There are 2 protein chains.
Amino acid sequence: MNNQQFDLSNWQSYGYSCPVEATLDIIGGKWKSVILYHLIDGEIRFNELKRLVPGITQRMLTLQLRELERDGIIHREVYKQVPPKVEYSLTLFGKTLIPIIKSMLQWGIEHTEKIVHHREQANVKD
Amino acid sequence: MNNQQFDLSNWQSYGYSCPVEATLDIIGGKWKSVILYHLIDGEIRFNELKRLVPGITQRMLTLQLRELERDGIIHREVYKQVPPKVEYSLTLFGKTLIPIIKSMLQWGIEHTEKIVHHREQANVKD
DNA sequence: TGTCATAGTATCATTTTTTATACTAAAGGA
DNA sequence: TCCTTTAGTATAAAAAATGATACTATGACA
């Protein structure tokens, strides 16, 4: 029971030091959680998503959607039309993330005003 | 009711497009959620934290802790000793984030194995 | 024939994040 | 006197994330 640290559980074998790190590997980054939030209510087209997430560039939106698709979180449905129509939606697996997104949503609703004010105070000399 | 979009609520007035974005502004980034996870059980010293989060550098740990402190999420207690002793802990406000961290923890516990396997499959040609 | 819309790609530039490395103070002990 | 420890800071460099801009295919429509 000296300096042995085998006991950090088996997360290292997955390449993570804890479960939270693993979760972040899926929903981490500046945009993914926000994208998932908008998908909670159902499928959304590419341009619609772009409008819902102002500030994201077309390139970033594409990249993030591709990663979420690769990880099995969202489904990409292409309609054979011109102009193109592509709809994104949560997979069953992706829906298991909803509790996380909802808790982030709830926290934001309850505490954003406070943190904004708090930062304004701090910015006296920043 | 035409192209008016005033209705995206008042989040823009805070500089965010939705509450989730605001939350990410506090706990976003590669390390903050992991740090908070380790602080759930009580106060931790700097070096102890460094050991619990392998992979993080001393500089990054310092930077992240400073930001969390600035936002009122954690408390920094300095003991006047040599060698120094500094303990970090969640503030009352910081504890409001626990539900988010716990849901991330839970998801990681339940789904990490699946995503690791899933990615191994995908990596046949990656 | 020229124009429009959607859902992208390609290329390059910039910004942000992260790392590596060396350095510091100060008290106690050998 | 030198070495150890903790909790950092300073500086520069590298890597990763993000952004800006221009470009594409396709069919419908004027």
Side-chain angles (χ1 to χ4, degrees), chain A residues 3 15-17 20-21 24-36 38-39 42-71 74-89 119 126, chain B residues 2-3 15-18 20-21 24-36 38-39 42-71 74-89 119 126:
Chain A
N3 67 338
Y16 304 114
S17 72
V20 173
E21 233 183 75
L24 282 176
D25 204 10
I26 296 295
I27 59 161
K30 197 172 168 182
W31 304 110
K32 283 179 182 172
S33 302
V34 176
I35 292 171
L36 295 177
H38 289 296
L39 289 176
E43 72 284 339
I44 307 192
R45 293 181 67 175
F46 184 84
N47 269 3
E48 205 175 342
L49 214 37
K50 202 171 68 178
R51 186 174 50 74
L52 288 170
V53 189
I56 198 171
T57 57
Q58 201 154 359
R59 180 178 131 84
M60 281 310 294
L61 182 54
T62 301
L63 287 175
Q64 302 303 298
L65 289 170
R66 289 290 182 282
E67 287 187 14
L68 289 169
E69 191 193 0
R70 165 173 57 79
D71 289 335
I74 63 173
H75 171 71
R76 179 170 179 265
E77 182 77 31
V78 182
Y79 294 84
K80 288 201 130 285
Q81 301 181 356
V82 168
K85 173 177 174 180
V86 178
E87 277 185 351
Y88 292 91
S89 56
R119 286 192 173 172
D126 204 37
Chain B
N2 27 0
N3 67 338
Y16 304 113
S17 73
C18 70
V20 173
E21 234 183 74
L24 283 176
D25 205 10
I26 296 294
I27 59 162
K30 197 173 167 182
W31 304 110
K32 283 179 182 173
S33 301
V34 176
I35 291 171
L36 295 176
H38 289 297
L39 290 176
E43 73 285 340
I44 307 192
R45 294 181 66 175
F46 184 84
N47 269 3
E48 204 176 343
L49 213 38
K50 203 171 70 178
R51 187 175 48 74
L52 287 170
V53 188
I56 199 172
T57 57
Q58 201 155 0
R59 181 171 190 273
M60 282 309 294
L61 182 53
T62 301
L63 288 175
Q64 302 303 299
L65 288 170
R66 289 291 182 282
E67 288 187 15
L68 289 168
E69 191 192 0
R70 164 174 57 78
D71 289 335
I74 62 173
H75 171 73
R76 180 171 177 263
E77 181 77 29
V78 182
Y79 294 84
K80 287 201 131 289
Q81 300 181 357
V82 168
K85 173 176 173 180
V86 178
E87 277 186 351
Y88 293 92
S89 56
R119 286 191 174 172
D126 207 34

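Everything numeric in this text was worked out from a predicted model, so none of it was measured. Proteins get letters first, then strands, A, B, ... in listed order; numbering begins at 1 in each.
E48(B) CD to E87(B) CD: the interatomic distance, rounded to the nearest 0.5 Å, is 8.0 Å. Atom CD1 of I27(A) sits about 11.5 Å away from atom CG of D71(A), to the nearest 0.5 Å. Put simply, CH2 on W31(A) and CG on L63(A) are 12.5 Å apart, with the number rounded to the nearest 0.5 Å. Atom CD of Q64(A) is separated from atom CZ of R59(A) by 10.0 Å, given to the nearest 0.5 angstrom. R45(A) CZ to K85(A) NZ: the interatomic distance, rounded to the nearest 0.5 Å, is 5.5 Å.
The distance from atom CG of N47(B) to atom C1' of dT4(D) is 13 Å, rounded to the nearest whole Å.
Using a 4.5 Å cut-off on side-chain heavy atoms (C-beta onward), E21(B) and D25(B) make no contact. Side-chain contact check for K32(B) versus E67(B): some heavy-atom pair is nearer than 4.5 Å. Between F46(B) and L65(B), the closest side-chain pair of non-hydrogen atoms falls below 4.5 Å.
K85(B) comes within 4.0 angstrom of sugar-phosphate atoms only, judged by non-hydrogen atoms across all strands, and of no base. If you check every strand for non-hydrogen atoms under 4.0 Å, Y88(B) touches sugar and phosphate atoms only.
Between R51(B) and dA7(D) there is no side-chain N or O to OP1 or OP2 distance below 4.0 Å.
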Under 4.0 Å protein heavy-atom contact, by nucleotide of nucleotides 13-30 of chain D - B base, S sugar-phosphate only
-----BBB-----BB---
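Protein chain B touches strand DNA chain C; the 5'-most and 3'-most nucleotides with an atom under 4.0 angstrom of its non-hydrogen atoms are dT18(C) to dA27(C).
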